[in-house]
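See below for the structure under consideration.
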Amino acid sequence: MNILLVDSDKQHETHEPATAAVMDAIQHAGQERGVQVTIHAAGLGELHGHVDSEVDGILLAPQVRHLMSTVTTSADTRTPVARITARDYSSADGRAILSTVFALVDHH
């Protein structure tokens, strides 16, 4: 499963500690479920380059949740988009976030 995590509009050569923790938690949750998860972080300005690749779902970090309509219209219309709750993001709850992704992909 390929996931794109959109957070603040920055270059992601080095991830913010919270973003890196969330990404690690999602990958760990995937391993627990026996699912290979590939996750990339991108700022809004980098969105187009990542959506052109195989992305199963796009997750919005809480700090960019207000950009849902912008991301939805910018993304390939077949790519589902969901917001990560502030609680799940701040606690790096990979299981809950991955469950959101599965629900998102299943309902799309």
Side-chain angles (χ1 to χ4, degrees):
M1 174 171 284
N2 293 317
I3 302 168
L4 179 62
L5 172 61
V6 179
D7 64 3
S8 57
D9 201 10
K10 301 176 186 167
Q11 295 297 324
H12 287 281
E13 294 163 6
T14 59
H15 301 291
E16 302 253 345
T19 302
V22 167
M23 291 172 67
D24 289 344
I26 294 169
Q27 286 181 326
H28 182 72
Q31 290 172 350
E32 288 177 347
R33 289 188 175 195
V35 176
Q36 181 170 347
V37 175
T38 303
I39 184 163
H40 299 281
L44 187 60
E46 304 167 290
L47 183 63
H48 292 291
H50 289 281
V51 172
D52 292 340
S53 62
E54 275 295 308
V55 175
D56 298 308
I58 298 173
L59 293 172
L60 299 180
Q63 65 269 33
V64 295
R65 68 180 176 264
H66 62 283
L67 299 173
M68 179 77 158
S69 63
T70 302
V71 172
T72 302
T73 57
S74 296
D76 180 336
T77 56
R78 295 169 301 180
T79 305
V81 181
R83 296 176 182 108
I84 301 173
T85 67
R87 182 176 149 243
D88 291 345
Y89 193 86
S90 65
S91 65
D93 188 343
R95 289 179 183 149
I97 296 168
L98 192 58
S99 291
T100 299
V101 174
F102 284 140
L104 177 70
V105 172
D106 287 345
H107 285 94
H108 194 268

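- Shortest non-hydrogen contact noted between Leu4 and Ala42 is CD1-CB, 3.8 Å.
- To the nearest 0.5 Å, atoms CD1 (Ile97) and OG (Ser99) are separated by 10.0 Å.
- Across every non-hydrogen atom of Arg95 and Ala29, the tightest pair is N-CB, 3.7 Å.
- Contact of the Ile84 side chain with the Thr100 side chain is not registered, since no non-hydrogen atoms from C-beta on lie closer than 4.5 Å.
- Using modelled atom types, one side-chain atom of Arg83 and one backbone atom of Arg65 make a donor-acceptor pair closer than 3.5 Å.
- Contact of the Ile39 side chain with the Val22 side chain is not registered, since no non-hydrogen atoms from C-beta on lie closer than 4.5 Å.
- Summarising the geometry, atom CG belonging to Leu98 is positioned 6.5 Å from atom CE belonging to Met1; distances are rounded to the nearest 0.5 Å.
- Closest heavy-atom contact between Thr79 and Val55: CG2-O, 3.9 Å.
- Of all heavy-atom pairs between Leu104 and Gly57, the closest is CD2-CA, 4.4 Å.
- The CG atom of Asn2 sits 6.0 Å away from atom NE2 of His40, with the distance rounded to the nearest 0.5 Å.
- Of the possible donor and acceptor atoms, none in the side chain of Asp56 sits under 3.5 Å from a partner among the backbone N and O of Ile3.
- In this structure, the side chains of Leu59 and Ile26 come closer than 4.5 Å at one or more pairs of heavy atoms.
- Ala86 and Pro62 get closest at one heavy-atom pair: CA-CG, 3.6 Å.
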